[in-house]
Each structure stands twice: as C-alpha cells, then as structure tokens.
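Inspection log for the structure reproduced underneath, given as structure tokens.
The residues of the chain are indexed from 1 along the displayed sequence.
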Amino acid sequence: TLAGGQLLDPPGKTGVAGLLASLLMEGTDKKTSAELEEAIDLLGARITVGAGREAIRISGSTLARTFEPTLALVEELLLEPRWDTTEFARLERELATHLRDREASPPSIASNVFSRLLYGDRHAFGTPASGTPETVAGIELRDLQAYYDTNLSPTHATFHVAGAVSQARVIAALEGLTERWPAKHVAFPAQPAPAEPEGRTVYFVDVPGAKQSVLQVGRLALSATDPDFTRLDFANERLGGNSSGRLFQLLRIEKGYTYGATSRMAETLEVGPWFAQTSVRANVTLESLVLLRDQIRNYAATFTEDDAGITRNQILKGNTRAFESLNAKLGLLRRMSRLELPSDFLERDQATLMGMTRDDFRQVIAEYLDESRMIYVVVGDAETQLDRMAELGYGEPVLLDIYGRRR
C-alpha cells in the first residue's frame with residue numbers, strides 16, 4: 001500500500017494516480033503487456049493495481065509455493081514501469097469513456113455531487129478520485145512519470161501478507177525491494193478544512209425521464225482516526241448498517257419503495273461523511289425523503305435498551321466469522337497500518353461495544369447524526385418531482401447540474 005493516491009494528484013489533474021495504477025499493469029521494461037499477463041498466468045497468480053482517495057494499492061494472490069516468483073513480478077512492475085505511449089493513450093481513452101458513462105449514472109451523479117457539496121472545490125475529495133472529463137483531458141504521460149518519481153517511496157509504503165508463508169520467508173523475498181527501491185521524502189499537501197454547507201438544504205439534479213430517484217442524506221462527521229469513529233459506527237448499525245436496520249425495514253419491507261436503503265461511515269484519514277442512501281420509485285420521492293428525515297431526526301430519542309442489546313449481539317455474532325478469509329485478514333493488517341492501531345484493536349473495540357449503554361448510544365447519535373446539520377441530495381426527474389421538494393419543509397430546493405454547480 002503506497003500512501004497518497006488522489007491526495008497527491010497535481011492540481012487540476014485529478015486522475016493521474018488512477019491512470020498510473022492502470023499503466024503499471026501494462027508491461028515493464030522487460031515485458032510487454034501480453035508478456036506480463038502470461039508470466040502472471042503461468043504462476044496461477046493474480047496481480048492488480050488500483051488507486052483510491054488516499055492510497056495506491058498493489059495486491060495479488062498466488063500459491064504458497066509460487067510466492068517468491070509472484071513477488072518478483074510485483075517488484076518488476078513497481079520498479080521498472082514500461083511507460084508505453086500506446087498503452088497510455090488507450091487507457092486515457094477508456095477512462096474518458098468511463099467518465100462519460102458515470103455522467104449518465106444517477107447513483108454516480110448523487111455520490112459526486114454529495115462529495116462536492118461537503119468538501120467544496122478546494123479540497124481534493126470535492127472531485128471524484130477517477131477525475132472528471134475536464135481534469136483528465138489535460139493529463140499527459142509525463143504527469144504519470146512525475147507522480148511516480150516524486151511520490152512512490154518505501155518511506156510511505158506498507159507491505160501485508162496472509163497465507164502459508166513464514167515471516168522469515170517474506171522478509172527474504174523482500175530483499176530485492178529493500179536494495180533497489182531508494183527512500184525519498186514525500187510531501188503531502190495539507191487539505192483545506194471544508195466549510196460546512198447549510199443544513200436542511202435540498203439539492204436537486206435533474207435527470208429527465210428518470211423512473212427512480214437517488215437520495216443521499218448526510219454530513220461530514222469524523223476521521224477514521226477519531227476515537228469516536230468506532231462508537232458512531234456501532235451506533236449506525238440499527239439505523240442502516242444492514243438489512244435488519246430501520247431504513248431497510250421501513251423503506252423496503254414495509255413501504256416497498258426501494259430494493260435497499262443503508263447508512264454508513266466513510267473510513268478515511270481525512271474527515272469523512274456519515275450518509276444514508278437509497279434509490280426509490282420516482283413517484284414516492286418526497287414520501288421517501290420524509291421517512292429518511294424522520295428516521296434520522298428521531299433516532300437518538302427512539303434508541304432503546306433493546307436496540308443496544310441487538311446492536312451488541314449482531315456485531316459480536318458477525319465478528320465470529322468476519323475475519324476467516326485471507327482477504328479479511330489482509331484488511332485487518334491494512335487497517336492496523338493505516339490507522340496505527342494496536343494488534344489487539346478488535347478486542348478493544350469489542351470491549352468498547354460491550355461497555356456502551358443506551359445513553360452512550362444516544363449521546364453519540366445526538367452529537368454526530370444531528371439532522372439539522374445534514375444536506376439532502378436528490379437525483380431524479382425534475383418535471384415530475386422538483387415542485388414537490390418544498391413540501392419537505394426546508395424551503396425551495398437548489399437546482400444543480402450533474403457536477404454540483406448551480407444552474
């Protein structure tokens with residue numbers, strides 16, 4: 001895991017980290033893209049490279065007996081990129097097509113607009129990690145090379161492995177990286193503190209003729225490093241953490257307005273949002289907004305002793321089998337590295353959960369899920385739904401385009 005990701009994209013060129021991640025899989029100095037793919041296949045292995053908001057991650061799986069040659073291929077693609085101009089041009093075209101497809105996807109529109117409203121134009125997270133047509137259009141191969149030269153350093157890298165390999169064997173296999181990968185300082189630009197948008201504001205994005213409306217409600221809440229993050233995550237369980245949560249049970253099971261409704265925290269080092277989301281039939285857009293509003297507004301006051309007990313039971317039962325797979329174990333290691341958690345953090349979290357009373361749940365809900373500070377994003381058909389939005393009681397809705405700009 002290489003810290004940085006989108007956070008280290010050059011200003012105005014969001015998407016560089018994502019393109020670099022893709023290009024690293026398109027061959028090395030020694031191998032073409034096809035030759036690299038064949039070498040991976042011959043080992044019965046899988047290697048992927050992806051970029052997110054806060055990191056670039058190289059990951060893979062292989063048989064225990066082919067661990068060393070697989071890691072050698074990882075070392076090769078990391079330290080000897082091919083910088084193939086033809087592959088770069090193809091990847092750029094594919095990304096441009098993908099971004100155009102996202103512009104026609106109401107869930108993607110809702111997510112992007114929601115982030116822009118919360119983080120603003122100056123914070124990196126106000127722009128999708130994959131970029132926009134405008135930011136990607138100006139990216140050149142030399143931008144990827146500059147990102148690689150400046151930001152990919154073992155100083156800010158972590159390595160995790162789960163499987164039938166010993167620690168000594170892993171350390172020996174990493175000697176090549178240790179010797180060939182020079183350390184360098186990486187400057188992480190400070191992100192501006194987001195200005196909190198005015199709560200209880202409805203923002204509407206028109207998708208003419210849409211048969212469904214995408215709804216997203218929430219606010220910026222906490223960084224994943226905040227001591228209250230885990231407590232709020234526990235408190236969210238009964239509202240929208242799973243199919244037994246109130247949102248799912250009300251909007252799908254009782255009303256039949258949607259196939260699903262959830263709420264969750266975004267786990268980022270930067271301050272992240274808590275949000276609820278669902279897609280509903282267009283003709284019940286207002287009714288669904290009212291239900292979402294009331295569930296969030298009354299959640300603290302209606303959280304009972306039974307809710308506290310059910311929350312503890314569900315989380316503890318879920319944890320008994322949640323970490324059996326190798327990928328789940330890798331996820332634990334990544335969290336420990338990224339958030340600087342002790343090796344017994346799961347036990348500590350469970351002790352926190354078991355010590356939370358009904359009043360503790362109510363306190364954290366009231367503090368961070370204050371509905372009066374939340375914004376509402378609706379993506380749907382303006383012709384049939386826009387005029388109804390004022391009935392929510394929060395004034396006239398603000399009409400935005402698909403990029404979150406006022407119309």
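Residue Glu267 holds its CD atom at 10.0 Å from OG1 of Thr225, rounded to the nearest 0.5 Å. Rounding to the nearest 0.5 Å places CD of Gln249 at 9.0 Å from CD of Glu254. Within the model, atoms OG1 of Thr150 and CD of Gln145 stand 11.0 Å from one another, a figure rounded to the nearest 0.5 Å. Atoms CG and CD, on Asp344 and Gln350 in that order, are 11.0 Å from each other to the nearest 0.5 Å. One finds the CZ atom of Phe248 at 9.5 Å from the OG1 atom of Thr278 (value rounded to the nearest 0.5 Å).
Listed here is the closest heavy atom pair of Ser244 and Gln314: OG-NE2, 2.8 Å. Taking each heavy atom of Pro189 and Leu8 in turn, the nearest pair found is CD-CD2, 3.7 Å. In this structure, Ala224 and Leu339 approach most closely via the heavy-atom pair CB-CD2, 3.8 Å. When all heavy atoms of Tyr148 and Lys184 are compared, the pair lying nearest together is O-NZ, 4.0 Å. Contact record, Gly380 with Ser213: CA-OG, 4.0 Å, taken as the closest heavy-atom pair. Considering all non-hydrogen atoms of both residues, Gln191 and Ala124 come closest at OE1-N, 2.9 Å.
Note on Arg373 versus Glu196: salt bridge recorded, some NZ/NE/NH1/NH2 to OD/OE distance being below 4.0 Å. Taking 4.0 Å as the cut-off between side-chain N and carboxylate O, Glu75 and Arg180 count as a salt-bridged pair. Arg388 and Glu287 are joined by a salt bridge, as a carboxylate oxygen and a charged side-chain nitrogen come within less than 4.0 angstrom of each other. A salt bridge does not link Glu324 to Lys329: none of the charged nitrogens lies less than 4.0 Å from a carboxylate oxygen. Between Lys31 and Glu80 no salt bridge is recorded (no basic side-chain N to carboxylate O distance below 4.0 Å).
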Margin query: side-chain hydrogen bond (donor to acceptor under 3.5 Å, both in side chains) for Ser372 and Asp370? Distances and angles first, verdict last.
Written below: CA-CA 5 Å; Ser372 70; Asp370 180 356; 2.7 Å; yes
Note to self: Is there a side chain to side chain contact (heavy atoms under 4.5 Å, CB included) between Val205 and Leu399? Walk through the geometry before answering.
What the structure shows: CA-CA 6 Å; Val205 180; Leu399 194 59; over 6 Å; no
Item checked: Evaluation steps, salt bridge (Lys or Arg N to Asp or Glu O under 4.0 Å), between Asp307 and Arg246 -> CA-CA 11 Å; Asp307 287 321; Arg246 295 184 184 187; 2.8 Å; yes
Checklist line | Steps toward salt bridge (Lys or Arg N to Asp or Glu O under 4.0 Å) verdict (Arg53, Glu270) | finding: CA-CA 10 Å; Arg53 284 185 158 182; Glu270 291 286 315; over 6 Å; no
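Judged by distance alone, the side chain of Ser108 and the main-chain N or O of Ala104 form no donor-acceptor pair under 3.5 Å. No donor-acceptor distance shorter than 3.5 angstrom exists from the side chain of Thr230 to the backbone of Asp349, with no hydrogens or angles considered. The backbone N or O of Ala282 lies less than 3.5 Å from a partner atom in the side chain of Thr285, making a donor-acceptor pair. Thr352 contributes a side-chain N or O that, together with a main-chain N or O of Arg348, makes up a donor-acceptor pair within less than 3.5 Å. In this structure, the side chain of Thr311 does not engage the main chain of Glu237 through any donor-acceptor pair within 3.5 Å.
A search for side-chain hydrogen bond (donor to acceptor under 3.5 Å, both in side chains) contacts involving Asp381 returns Thr384, not counting sequence neighbours. Under the rule for a salt bridge (charged side-chain N to carboxylate O under 4.0 Å, His left out), Glu35 has no partner lying at least two apart in sequence or in another chain.
The stretch residues 54-68 participates, sequence neighbours left out, in these side chain to side chain donor-acceptor pair (under 3.5 Å) pairs: Thr48-Ser59, Thr62-Thr66, Thr62-Thr70, Glu68-Arg169. Sorted by first and then second residue, the side chain to side chain donor-acceptor pair (under 3.5 Å) pairs involving residues 397-407 (not counting sequence neighbours) are Glu103-Tyr403, Asp401-Arg405. For residues 181-220, every residue pair satisfying the ring-ring contact (aromatic ring centres under 6.0 Å, His included) rule, not counting sequence neighbours, is listed here: His156-Phe188.
Ring geometry for Tyr376 versus Tyr394: interplanar angle of 30 to 60°, hence tilted. The aromatic rings of Tyr299 and Phe303 stand perpendicular to each other, their planes meeting at an angle above 60°, with 30° marking the opposite boundary.
Looking at Ile58 and Thr1, their side chains never come closer than 4.5 Å, going by heavy atoms from C-beta outward.
The only member of Arg293, Arg200, Gln295 that meets side chain to side chain donor-acceptor pair (under 3.5 Å) when paired with Glu371 is Arg200. Tested against Ile47, the residues Leu36, Leu73, Leu71 include a single side-chain contact (heavy atoms from CB on, under 4.5 Å) partner, Leu73.
Side-chain rings of Phe88 and Trp83 stay apart, their centers remaining 6.0 Å or farther from each other.
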Side-chain atoms of residues 17-24: list all donor-acceptor pairs with protein atoms under 3.5 Å, sequence neighbours left out, distances to 0.1 Å.
{"from": "Ser22", "atom 1": "OG", "to": "Gly18", "atom 2": "O", "distance (Å)": "3.2"}

